[in-house]
Amino acid sequence: MNEQEFNVPTKEGIRISSNSKVVNISHVGVGGSDDEIMIIPVNKKLKNNEQGDLEIIYESDMQIILNKKTATELKKLLDKYI
């Protein structure tokens, strides 16, 4: 995980801790149901398996669950900046 300083535009009343970290991930998994959208940031890692061969494993210790309205707003924001 890399740490760096960054400024995030926020609405009034939202505070972001100066101790916040930037998380760099290799890819994002998205799933959901009729009511919610689930986002899983995933890191890829090389690891030796039991036979001694290298294999890629995918691991995540975070999942973000959003209601559909918030997920749609997030998509619009990402489309604007990416």
*asked:* Looking at D53, I want to see if its CG is surrounded by more than 12 non-hydrogen atoms of other residues, nucleotides or ligands under 6.0 Å.
replied: yes
Enumerate donor-acceptor pairs with a distance under 3.5 Å from any side-chain N or O in residues 30-40 to protein atoms, sequence neighbours excluded.
from, atom 1, to, atom 2, distance (Å)
S33, OG, D35, N, 3.3
S33, OG, E36, N, 3.3

_CG on N48 to CD on E50, rounded to 0.5 Å_ = 11.5 Å
*Verify side chain to side chain contact (heavy atoms under 4.5 Å, CB included) between K47 and N49, making sure each step is shown before the conclusion.*
CA-CA 6 Å; K47 181 180 176 184; N49 64 18; over 6 Å; no
*If Ile, Leu, Val, Met, Phe, Trp and Tyr residues are connected whenever their side-chain heavy atoms lie under 4.5 Å apart, and connections chain through other members, are M62 and V28 in the same group?*
yes
*If you round to the nearest 0.5 Å, how far is CG of L66 from OG1 of T72?*
9.5 Å
*Sequence neighbours excluded, every pair satisfying ring-ring contact (aromatic ring centres under 6.0 Å, His included) that has a member inside residues 23-65*: H27-Y58
*asked:* Around atom NZ of K68, are there more than 12 heavy atoms from other residues, nucleotides or ligands closer than 6.0 Å?
replied: yes
*Any donor and acceptor pair, going by atom type alone, linking the side chain of S26 with main-chain N or O of V42 inside 3.5 Å?*
yes
*Measuring from L77:CG to L74:CG, what's the distance to the nearest 0.5 Å?*
6.5 Å
_Spacing of K44 atom NZ and I25 atom CD1 [to the nearest 0.5 Å]_ = 11.5 Å
*Check S60 against P41 and note the closest heavy-atom contact, atom names and distance.*
OG-O, 2.6 Å
*List in chain and number order the residues that pass salt bridge (Lys or Arg N to Asp or Glu O under 4.0 Å) with E59, two or more places apart in sequence or in another chain; answer none if no residue qualifies.*
K45
